[in-house]
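Have a look at the structure below, then the notes.
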Protein chains: 2
Amino acid sequence: MQQRMLEAMLPADLAERPVRWQQQKSARTRQRLVESAIDCLVEGGFTGLTTQQAAERSGVSRGAMHHHFATRMDLAAAVVDHVFYRRMELFLDDYLGTVVGANDGDLLEFGTAAHWRSVQTREYAAYVELAVAARTDAELNRVFEPAARRYDEVWITEMIESFPQWQSRWDKMKLVNDLVIATHMGLLLNRQVMGEDRIAQVGKLLTRVVGMLYEE
Amino acid sequence: MQQRMLEAMLPADLAERPVRWQQQKSARTRQRLVESAIDCLVEGGFTGLTTQQAAERSGVSRGAMHHHFATRMDLAAAVVDHVFYRRMELFLDDYLGTVVGANDGDLLEFGTAAHWRSVQTREYAAYVELAVAARTDAELNRVFEPAARRYDEVWITEMIESFPQWQSRWDKMKLVNDLVIATHMGLLLNRQVMGEDRIAQVGKLLTRVVGMLYEE
DNA sequence: GTCAAAACAGGCAGTTATGCCGGTTTCTTC
DNA sequence: GAAGAAACCGGCATAACTGCCTGTTTTGAC
């Protein structure tokens with residue numbers, strides 16, 4: 001499962017196995033820029049993602065940066081791909097590690113818990129900023145939406161192929177999946193207002209709900 | 001219920017019952033500016049909320065705007081108050097209208113449905129933009145967070161006073177309340193990716209879950 | 001009617017980011 | 001090792017906002 005899903009999401013950044021040194025160098029500075037851009041996103045939202053900041057933070061000159069990413073949106077696009085890839089990777093790393101030897105009925109609850117953990121990461125925070133900004137920034141949306149749809153399709157396809165034993169309940173499982181994704185994102189955004197305690201409790205409640213829906 | 005809750009949230013904008021004409025005039029232009037600012041938010045996110053745009057859209061001169069709101073953040077603060085007030089008002093208008101004559105067991109599900117409708121409004125869209133921006137904008141957060149907490153406290157207090165029959169299950173009801181709020185926000189943000197159908201189905205599922213949690 | 005205060009108007013300097021461009025250094029190829 | 005390509009550098013003009021400031025008009029109190 002993990003190989004196929006990750007391969008399908010692999011961004012240009014990490015795809016190349018560089019043989020020539022210039023390619024390595026190029027890839028390295030691109031990665032540094034993307035990482036800095038993610039820092040910008042996390043700290044300042046999509047507004048805070050500026051070419052200046054990204055260059056300065058990564059120690060790359062503005063000229064070099066412009067060589068790799070001609071415009072701000074080019075950089076943002078690279079970040080989008082990177083973040084989607086990492087979003088899936090982070091979840092899979094956790095989930096596949098906890099799921100070994102679990103019986104069928106627990107898979108969903110383990111998956112929910114792993115998803116909640118994967119959501120509390122720097123990369124997911126960046127993803128949230130992009131997702132929100134894409135709603136009001138047409139140009140970003142042209143980059144973000146296709147990537148999001150691709151991610152979603154890959155996810156669903158693999159879920160169906162990986163759990164043939166749930167064939168009769170795929171529709172419900174997909175629905176539960178969507179519920180978990182939506183609720184976790186909502187919890188993240190309400191964290192500051194609700195506070196850690198309530199957030200954690202709702203998280204546990206959701207896991208229990210997932211169990212209930214599986215049982216029924 | 002509705003009076004107390006709304007009174008507690010009443011923003012400066014609408015609080016005054018103007019007797020002198022200058023006050024009326026002043027209040028009117030302030031309202032026009034706030035409304036335009038909300039349009040800015042909805043269309044361009046917090047980034048798109050600029051003093052220039054707000055002034056231009058409302059037909060108010062930059063000078064006049066500066067007279068009422070010295071800085072961009074002053075305008076944003078007025079929008080925050082306005083949006084929180086309207087958020088509660090929109091919900092109550094809907095909820096109190098649908099709830100008449102309902103039996104106790106249906107109140108939660110009616111409330112959930114009403115909340116889902118209240119969330120699909122221009123005002124709530126503006127609220128979401130503010131909530132997200134406040135996470136990465138310290139200055140905005142200083143305005144937003146207190147307002148959000150006040151809203152939350154008023155909400156909880158009134159819920160407890162309004163439903164004394166649920167005394168033994170307040171903790172659970174508060175939890176369910178948080179779950180609904182978080183999930184609805186998450187659904188909104190995933191609307192474009194998931195599409196209307198899935199969103200609607202998850203919404204229905206959530207309503208059903210709320211019913212299940214009440215029954216148990 | 002007059003005078004102060006409130007509401008309104010629009011210009012100005014300063015900041016910050018953007019995209020582009022001419023020039024330099026570092027690799028790669030032959 | 002020389003030519004060409006790729007990576008890198010920092011300056012420049014431009015654009016969008018912001019906050020402030022000097023006036024002008026409209027209201028309201030006496």
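Residue numbering restarts at 1 for every chain, and letters A, B, ... go by the order of the sequence lines.
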Next item on the list: Indicate, with a heavy-atom threshold strictly under 4.0 Å, whether B:H68 touches base, sugar-phosphate, or nothing.
Entry: sugar-phosphate
Next item on the list: Look at all strands and tell whether B:R62 reaches a base, only sugar-phosphate, or nothing, counting heavy atoms closer than 4.0 Å.
Entry: base
Notebook entry, point to check: Taking the six-membered ring of A:F46 as reference, does the NZ or CZ atom of A:R72 fall below 6.0 Å from its centre and within a 45° cone about the axis?
Noted result: yes
Check: Please give, in whole Å, the distance from D:dA7 P to A:R30 CZ?
Finding: 9 Å
Notebook entry, point to check: Should B:S61 be listed as having a side-chain N or O under 4.0 Å from OP1 or OP2 of C:dG10?
Noted result: no
Checklist line | Between D:dA7 (P) and A:L33 (CG): distance, integer Å | finding: 13 Å
Check: Which whole-number value in Å describes the distance from A:Q52 CD to D:dG11 P?
Finding: 13 Å
Note to self: Are A:W116 and A:Y124, when compared by the centres of their aromatic rings, separated by less than 6.0 Å?
What the structure shows: no
Notebook entry, point to check: Counting side-chain heavy atoms from CB outward, which of C:dG19, C:dC8, D:dT18 is closest to B:H67?
Noted result: C:dC8
Next item on the list: Round to a whole Å and report the spacing from CE of A:M65 to P of C:dA17.
Entry: 13 Å
Next item on the list: Please tell me which of the listed nucleotides, D:dT18, D:dC8, C:dA7, lies nearest to the side chain of A:T29?
Entry: D:dC8
Next item on the list: Would you check if the distance from the ring center of A:F110 to the ring center of A:Y95 is below 6.0 Å?
Entry: no
Item checked: Whether over 12 other heavy atoms sit under 6.0 Å from A:E89 CD -> yes
Next item on the list: Can you figure out which of C:dG19, D:dG19, D:dC8 approaches the side chain of A:H66 most closely?
Entry: C:dG19
Checklist line | Side-chain N or O of B:S26 closer than 4.0 Å to phosphate OP1/OP2 of C:dA7 | finding: yes
Next item on the list: Return the nearest nucleotide to the side chain of B:A64; candidates are D:dT18, C:dC8, D:dC9.
Entry: C:dC8
Next item on the list: Return the 5'-most residue of the pair A:R72, A:G63 with respect to DNA chain C, ranking by each residue's nearest nucleotide.
Entry: A:R72
